[in-house]
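Here the structure is laid out as structure tokens; the discussion comes afterwards.
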Amino acid sequence: MPELPEVETTRRGILPYCQQQTISEVTIRNRQLRWPIARSLPSQLRHQRIDDIQRRAKYLLFITKAGTLILHLGMSGSLRVSNKDEAIQKHDHVELMLSNGKILRLNDPRRFGSLHWTRQAAEKHKLIRTLGPEPLDDQFTAEHLYATSRNRRVAIKNFIMNSHIVVGVGNIYASESLYLAGINPGRPAGRVSLQRYEKLVNAIKETLRAAIESGGSTLNDFIKPDGQPGYFQHHFRVYGKTGLPCEQCGQPISQVTLGQRSTFYCKTCQR
DNA sequence: CAAAGGTCCTGCTCGC
DNA sequence: TGCGAGCAGGACCTTT
């Protein structure tokens with residue numbers, strides 16, 4: 001479920017409740033997430049103070065003096081801040097009790113999320129080390145995409161969804177960005193010019209920035225950390241719009257499968 | 001039965 | 001033939 005804007009919205013939402021709070025207790029109700037949660041995790045987290053929560057790609061990094069908790073929400077995960085008297089819900093797998101009396105709860109029906117503890121700097125962790133640049137950083141440029149895509153035949157949509165190339169471009173924003181840039185999602189990445197990569201980089205940055213500003217777009221069950229439903233109806237131009245008229249040319253939006261993911265585009269406007 | 005917002009891992013293919 | 005990089009598909013799950 002969460003794309004980068006939702007993860008960033010989550011980070012901003014929970015930070016005021018977590019920052020400088022000490023974790024007094026950790027409850028693991030179901031350890032079978034994407035990878036089994038380490039048995040040692042509760043004892044490593046207990047008594048640690050959360051100095052900050054940062055984000056790298058779609059990972060949330062809970063920074064403490066002793067180490068960092070690396071959390072991923074997977075496809076269907078969400079975090080919410082509860083009071084002690086609020087009952088747990090179905091699929092609440094992990095709870096962090098905080099010194100201010102709040103409880104941070106991880107809910108994840110599909111259990112594709114993950115939790116890792118590292119004593120090193122998070123950047124050195126296996127899951128983080130090999131990641132490409134942040135899309136909103138200045139290091140993410142057209143030159144970077146152009147240089148790394150030479151001689152590559154993979155579809156451009158799969159290319160920009162590859163976290164080793166650039167992080168944080170999920171299935172929705174890949175389609176949306178390619179539409180804005182006028183690039184056919186199936187085009188081989190190695191056959192996109194530098195000029196068109198300029199348009200694409202701008203489109204990715206604009207799309208993500210706008211979504212973060214809007215508080216994250218959501219489709220089904222994204223719950224904001226304070227418990228408010230995050231049903232922000234984002235205006236998608238092509239995602240989920242199969243058969244509806246293209247805003248630019250009026251032709252029906254097409255749907256294809258690329259890399260086993262639904263892909264939406266305009267056959268006329270995107271080449 | 002199909003599809004849903006993620007992404008790591010495995011094994012195959014391709015070109016040097 | 002061997003090797004590494006690139007690539008497709010599978011895997012992990014529940015809900016609608």
Side-chain angles (χ1 to χ4, degrees), chain A residues 1-11 29-37 55-60 70-79 89-94 106-116 125-132 135 145 147-177 185-191 204 207-208 211-212 214-224 229-236 238-242 255-264:
Chain A
M1 156 175 94
E3 288 233 20
L4 184 138
E6 282 78 10
V7 178
E8 179 59 24
T9 299
T10 297
R11 188 189 73 79
R29 297 208 145 76
N30 187 344
R31 43 191 299 104
Q32 302 304 319
L33 301 191
R34 176 160 188 200
W35 294 286
I37 298 171
R55 180 187 58 74
R56 175 73 173 99
K58 293 172 189 166
Y59 294 97
L60 288 173
I70 303 172
L71 182 152
H72 200 290
L73 296 172
M75 200 88 123
S76 58
S78 61
L79 289 169
Q89 297 177 11
K90 197 175 182 183
H91 308 302
D92 279 349
H93 304 312
V94 177
L106 170 67
N107 187 282
D108 186 4
R110 291 180 72 180
R111 289 189 275 123
F112 290 169
S114 65
L115 292 163
H116 289 88
H125 191 272
K126 181 181 156 189
L127 292 171
I128 311 280
R129 207 171 39 205
T130 57
L131 294 175
L145 286 187
T148 50
S149 65
R150 291 311 85 190
N151 298 322
R152 294 183 66 160
R153 293 159 297 179
V154 69
I156 180 71
K157 174 164 178 269
N158 298 334
F159 184 68
I160 60 173
M161 288 179 70
N162 179 343
S163 64
H164 300 297
I165 304 301
V166 57
V167 302
V169 181
N171 198 42
I172 294 177
Y173 295 108
S175 280
E176 292 294 309
S177 302
R187 171 175 285 272
R191 294 189 42 217
I204 290 171
T207 314
L208 292 177
I212 290 170
S214 313
S217 57
T218 54
L219 298 181
N220 294 325
D221 53 350
F222 182 67
I223 305 294
K224 278 189 180 173
Y231 289 147
F232 180 85
Q233 273 304 14
H234 193 81
H235 176 233
F236 296 128
V238 288
Y239 186 85
K241 302 270 181 199
T242 312
Q255 177 174 355
V256 294
T257 299
L258 282 179
Q260 306 178 106
R261 311 298 298 278
S262 293
T263 304
F264 304 88

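Per chain, numbering begins at 1; letters A, B, ... match sequence-line order.
For the pair A:P188 and A:F159, the minimum side-chain heavy-atom distance is 4.5 Å or more. When side chains are defined from C-beta on, A:V7 counts as touching A:R55, because their heavy atoms get closer than 4.5 Å.
In this entry the distance linking CZ of A:R110 with C1' of B:dC8 reads 15 Å, nearest Å. For A:I128 and B:dT7, the CD1 to C1' distance is 12 Å, given to the nearest whole Å. If you take NZ of A:K58 and P of B:dT7, they are 4 Å apart, rounded to a whole angstrom. Between the CD atom of A:Q260 and the P atom of C:dA11 there is a distance of 10 Å, rounded to whole Å. Spacing between atom CG of A:D108 and atom C1' of C:dC13 amounts to 9 Å, rounded to whole angstrom units. A straight line from NZ of A:K157 to P of B:dT7 spans 13 Å, rounded to a whole angstrom. As a whole-Å value, the separation of A:W35 CH2 from C:dC13 P is 13 Å. Distance, A:R152 CZ to C:dA5 P: 11 Å, rounded to whole Å.
Taking a centre distance below 5.5 Å and an interplanar angle below 30 degrees as the stacking criterion, A:F112 does not stack against the six-membered base ring of B:dT7.
Side chain of A:S76 to main chain of A:R110: a donor-acceptor pair is present (N/O by atom type, distance under 3.5 Å, no hydrogens or angles). Using modelled atom types, no side-chain atom of A:S149 and backbone atom of A:G190 make a donor-acceptor pair closer than 3.5 Å. Judged by distance alone, the side chain of A:N107 and the main-chain N or O of A:L79 form no donor-acceptor pair under 3.5 Å.
Both distances falling under 3.5 Å, in either a Watson-Crick or a G-U wobble arrangement, occur for no nucleotide opposite C:dC13.
Backbone-only engagement by A:Y59 is indicated by non-hydrogen atom pairs under 4.0 Å involving sugar-phosphate atoms exclusively. Using a 4.0 Å heavy-atom criterion, one finds that A:R261 contacts the bases of the nucleic acid, with or without backbone contacts as well. In this structure, A:L127 reaches the sugar-phosphate backbone alone: every heavy-atom distance under 4.0 Å involves primed, P, OP1 or OP2 atoms, never a base.
Within the 4.0 Å cut-off from OP1 or OP2 of B:dA4, at least one side-chain nitrogen or oxygen of A:S262 is found. Dashed line: the shortest gap from a side-chain N or O of A:S163 to OP1 or OP2 of B:dC8 is under 4.0 Å. For A:H72, a side-chain nitrogen or oxygen approaches OP1 or OP2 of B:dT7 to under 4.0 Å.
Between A:K126 and A:L4, the residue anchored closer to the 5' end of DNA chain B is A:L4, taking for each the nucleotide with the nearest heavy atom. Two residues, A:L33 and A:K90, neighbour DNA chain C, and the one matched to the more 5' nucleotide by heavy-atom proximity is A:L33. The residue among A:H91 and A:V154 whose nearest nucleotide of DNA chain C is located toward the 5' end is A:V154. Of the two residues contacting DNA chain B, namely A:R153 and A:A57, the nearest-nucleotide position lying further toward the 5' end is that of A:A57.
With A:R56 as the fixed residue, the side-chain contact (heavy atoms from CB on, under 4.5 Å) test singles out one of A:L127, A:I70, A:V167: A:V167.
One cannot find a donor-acceptor pair under 3.5 Å joining the base of C:dC13 and the side-chain atoms of A:R111. Between the side chain of A:R34 and the base of B:dC8, at least one donor-acceptor pair of N or O atoms lies under 3.5 Å.
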